[in-house]
Amino acid sequence: THTHTHFRLNRLVSMKPGDRVRLREKQCSGTVRFVGTLPFAPGRGAFVGVELDQPCGKNDGSVHGHRFFECASNHGLFVHPSALVLEAIRPEAPQCGFDSGHTDRICRLWCGADVAQVVTAAVDHTVRLFARQHDQHQLRHTQAHPEAVVDVAVCAAAGLVATACRDGTVRLLQLAELRAVAELASHGCAVHAVQFADGAGRRLLSGDVEGGILLWDVARRALLARLAGHTALVRALAVSGDARVALSASADGTARVWHLGGAAPATGHVLRGHAQPLWGCALAADGALAVSCSADRTLKLWRPATGVLVRSLEGHAAAVTDCCLAPNSQLVLSCSDDATLRVWRVGTGACLRVLGLTDCVYCCCCWSQDGAGIAAAGLDHRVWLWPGETEGVVPKVQVPLPSFAQPKTEIEGTAPPLRHIDGAALLEAVGALVQGDRVSNNHVLLALCGASATGKTTTLCSLLGGLFHQMEHGSTRGGDRKDLVLDVGERTRESFQEAIPEQASANGSSAALSYRHRRNSVQSPRPPPPSLSAQQEQHCQKSQQMDQQQQQQ
């Protein structure tokens with residue numbers, strides 16, 4: 001079985017497992033699952049194994065008896081990197097947010113149905129309850145603790161809140177007012193994780209920094225059992241909806257399954273596969289699926305009954321610090337130190353959404369109890385909210401354009417904000433248009449404005465203007481549009497060759513390379529572009545006059 005990745009080839013290909021890609025020759029997208037050489041194709045360089053979103057592939061991740069990754073039948077495909085286009089997913093900004101008032105990191109949060117209530121636990125020794133009123137979340141109650149509160153669990157049916165405190169105690173609070181009800185103290189060290197063991201709030205699990213897990217009778221405030229097995233800090237606990245299966249995630253790099261349905265708790269499978277300590281875990285309502293996340297940048301899906309690894313979810317660029325399952329157990333939510341949250345589909349492992357702000361790192365995340373909302377707490381001590389509707393959502397993909405200066409305005413659609421572009425940037429932008437089979441009107445407008453900003457309007461604006469006009473009126477087919485863009489790319493290269501000769505030759509611009517490759521692939525040379533008509537010359541002169549007036553203003 002070939003499951004290794006050639007990191008040298010990975011750097012050359014600029015693709016890694018978890019990246020979203022699109023086939024150049026087909027309107028089909030997928031997720032990279034493998035990058036490396038194939039044993040049955042020696043000397044042919046690196047191949048990329050893709051799990052396609054639709055059944056338009058050729059295999060299930062295995063070829064000639066060699067298994068490279070797991071996917072559904074006809075969803076797997078192995079191609080050369082040149083046959084793929086790397087897609088960038090733009091993070092969705094939060095719908096709204098509110099200041100929690102905490103003065104230190106928020107370790108855990110919980111959301112009620114429709115995000116009407118939010119409970120947060122933070123290192124500043126407090127637990128806070130927020131309630132929504134007139135579309136705004138307002139602070140209702142605060143409960144102070146002697147030490148940092150690192151975890152919180154809520155049983156809405158029983159109206160109870162359980163907190164894990166570093167002073168070695170588990171505190172029970174009333175949900176309505178966060179009034180203290182009881183205190184459980186038998187760990188002898190800092191408590192780091194807590195979770196109700198059933199939907200009625202009758203039993204409770206708590207984990208400490210030494211790897212111990214205690215099972216409590218909430219009504220009698222009595223210790224029922226000690227669960228031993230972990231050798232390091234227990235970071236998170238999860239319990240199935242039927243209260244028969246529990247899951248623990250530890251800094252020792254393992255997750256453990258516990259069976260709570262019998263007279264006494266029993267040890268289940270030990271889930272091993274992460275390369276670094278675990279940060280979080282989650283269980284499906286029926287206990288048939290488990291999720292774990294780790295500092296190794298991955299999430300893993302497991303079958304608790306057998307201990308079998310179902311699949312790995314790769315895509316985050318830093319440690320994955322929290323994860324949870326949607327109420328329907330079909331979607332997984334994760335947050336990472338890479339300043340993003342991701343929504344994954346359990347059945348395929350595909351990343352459906354990327355959420356976040358570019359300047360905010362998130363500590364923890366959760367679904368609302370009805371799945372209608374997503375909440376995440378950032379290091380800025382704010383709680384950010386997104387809509388939870390995900391079924392049928394397609395990732396927002398943008399054409400890879402070069403980085404520009406500060407944004408000035410926004411064009412409707414998925415194109416990047418309109419910005420001032422210099423000659424070299426415009427050359428790269430047109431090159432990106434040449435590489436794509438589909439051309440966005442917004443990107444043509446972007447190139448037009450960039451050409452105007454650089455003053456190169458005599459030839460380029462006329463060609464781009466004609467292209468935009470034909471695209472807008474639907475008078476060109478896909479292939480014809482691409483030919484027009486190729487002409488534009490050649491004219492762009494010629495227009496800026498004198499201004500940036502060194503950059504153009506050093507960068508080997510994609511516009512010029514794609515154009516030369518296209519010309520070499522046909523037998524007859526492309527005829528020279530037609531000369532400008534009198535009307536086009538007059539239009540260009542007017543454009544130049546407008547440019548001069550704008551520059552003076």
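Residues Tyr362 and Leu357 meet the side-chain proximity criterion, which asks for heavy atoms closer than 4.5 Å. Between Leu289 and Trp302 there is no side-chain heavy-atom pair separated by less than 4.5 Å. In this structure, the side chains of Leu331 and Trp367 come closer than 4.5 Å at one or more pairs of heavy atoms. Looking only at side-chain heavy atoms (C-beta outward), Leu299 and His316 come within less than 4.5 Å of each other. The shortest distance between side-chain heavy atoms of Cys28 and Cys56 falls below 4.5 Å. For the pair Leu341/Trp386, a side-chain contact is recorded, criterion being any heavy-atom separation below 4.5 Å from C-beta on. Counting only heavy atoms from C-beta outward, the side chains of Val320 and Leu313 never approach each other to under 4.5 Å. Using a 4.5 Å heavy-atom threshold, the side chains of Pro327 and Asp370 count as separate.
Legend: residues meeting salt bridge (Lys or Arg N to Asp or Glu O under 4.0 Å) with Glu314, ordered by chain and number and at least two apart, are absent. Applying the side-chain hydrogen bond (donor to acceptor under 3.5 Å, both in side chains) criterion to Asp380, with sequence neighbours excluded, gives Trp384. Asp208 is linked by a side chain to side chain contact (heavy atoms under 4.5 Å, CB included) to His187, Cys189, Glu210, counting only residues two or more places apart in sequence or in another chain. With sequence neighbours excluded, the residues forming a side chain to side chain contact (heavy atoms under 4.5 Å, CB included) with Ala243 are Asp198, listed by chain and number. With sequence neighbours excluded, no residue forms a salt bridge (Lys or Arg N to Asp or Glu O under 4.0 Å) with Arg256. Looking at residues two or more places apart in sequence or on another chain, you find no side-chain hydrogen bond (donor to acceptor under 3.5 Å, both in side chains) involving His192. Residues satisfying the side-chain hydrogen bond (donor to acceptor under 3.5 Å, both in side chains) criterion with Asp252, sequence neighbours excluded, are His230, Ser250, Thr254. Cys366 meets the side chain to side chain contact (heavy atoms under 4.5 Å, CB included) test with Leu109, Cys111, Ala375; sequence neighbours excluded. The side-chain hydrogen bond (donor to acceptor under 3.5 Å, both in side chains) check on Ser62 picks up Asp60, with sequence neighbours excluded. Taking Ala305 as the reference, nothing meets the side chain to side chain contact (heavy atoms under 4.5 Å, CB included) condition, with sequence neighbours excluded.
Across Gly212 and Val234, no two heavy atoms sit closer than the pair O-CG2, 4.2 Å. Residues Leu301 and Leu309 share a closest heavy-atom pair of O-CD1, 3.3 Å. When all heavy atoms of Cys363 and Gly378 are compared, the pair lying nearest together is SG-C, 4.0 Å. Minimum interatomic distance between Ile374 and Pro387 (heavy atoms only, all atoms of both residues): CD1-O, 4.2 Å. Here the closest non-hydrogen pair linking Ser336 and Ala318 is OG-O, 3.2 Å. Nearest heavy-atom pair, Gly349 versus Arg33, reported as atom, atom and distance to 0.1 Å: O-NH2, 3.1 Å.
Going from atom CZ of Arg226 over to atom CG of Leu215 covers 11.5 Å, rounded to the nearest 0.5 Å. Separation of atoms NE2 (His75) and CG (Leu52) is listed at 8.0 Å; rounding is to 0.5 Å. For the atom pair NE2 (His64) and CG (Asn59), the distance works out to 10.0 Å, reported to the nearest 0.5 Å. Residue Asp322 holds its CG atom at 10.5 Å from SG of Cys107, rounded to the nearest 0.5 Å. In this structure, CG in Asn74 is found 11.0 Å from NZ in Lys58, a value given to the nearest 0.5 Å. Atom NZ of Lys300 sits about 12.0 Å away from atom CZ of Arg311, to the nearest 0.5 Å.
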Show which side-chain atoms of residues 272-285 pair as donor or acceptor with protein atoms under 3.5 Å away, not counting sequence neighbours.
residue: His274; atom: ND1; partner: Asp296; partner atom: OD1; Å: 3.4
residue: His274; atom: ND1; partner: Asp296; partner atom: OD2; Å: 3.1
residue: His274; atom: NE2; partner: Ser292; partner atom: OG; Å: 2.7

Test His66 against Leu38 for side chain to side chain contact (heavy atoms under 4.5 Å, CB included), laying out the working first.
CA-CA 9 Å; His66 298 276; Leu38 301 180; over 6 Å; no
Side chain to side chain contact (heavy atoms under 4.5 Å, CB included) evaluation trace for Leu23 with Leu77
CA-CA 10 Å; Leu23 294 175; Leu77 186 66; 3.8 Å; yes
With side chain to side chain contact (heavy atoms under 4.5 Å, CB included) as the criterion, how do Leu237 and Asp151 come out once you've worked through the C-alpha distance, each side chain's angles and the decisive distance to 0.1 Å?
CA-CA 10 Å; Leu237 294 165; Asp151 199 5; over 6 Å; no
Just do the side chain to side chain contact (heavy atoms under 4.5 Å, CB included) check on Leu260 and Arg244 with the steps written out, would you?
CA-CA 5 Å; Leu260 307 179; Arg244 290 181 172 272; over 6 Å; no
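Applying the salt bridge (Lys or Arg N to Asp or Glu O under 4.0 Å) test to pairs two or more places apart or on separate chains, those with a residue in residues 69-84 are Arg67-Glu70.
No donor-acceptor distance shorter than 3.5 angstrom exists from the side chain of Thr340 to the backbone of Val354, with no hydrogens or angles considered. No side-chain donor-acceptor contact under 3.5 Å links Arg235 to the backbone of Ala251. Not a single donor-acceptor pair under 3.5 Å links the side chain of Thr37 to the backbone N or O of Gly45.
A salt bridge does not link Asp53 with Arg345: none of the charged nitrogens is closer than 4.0 Å to a carboxylate oxygen. With salt bridges taken as basic N to acidic carboxylate O contacts below 4.0 Å, none links Asp338 and Arg297.
The aromatic rings of His80 and Phe47 lie tilted to each other, with the angle between the two planes from 30° to 60°. Classified by interplanar angle (parallel below 30°, tilted 30° to 60°, perpendicular above 60°), the ring pair Phe78/Phe34 is perpendicular.
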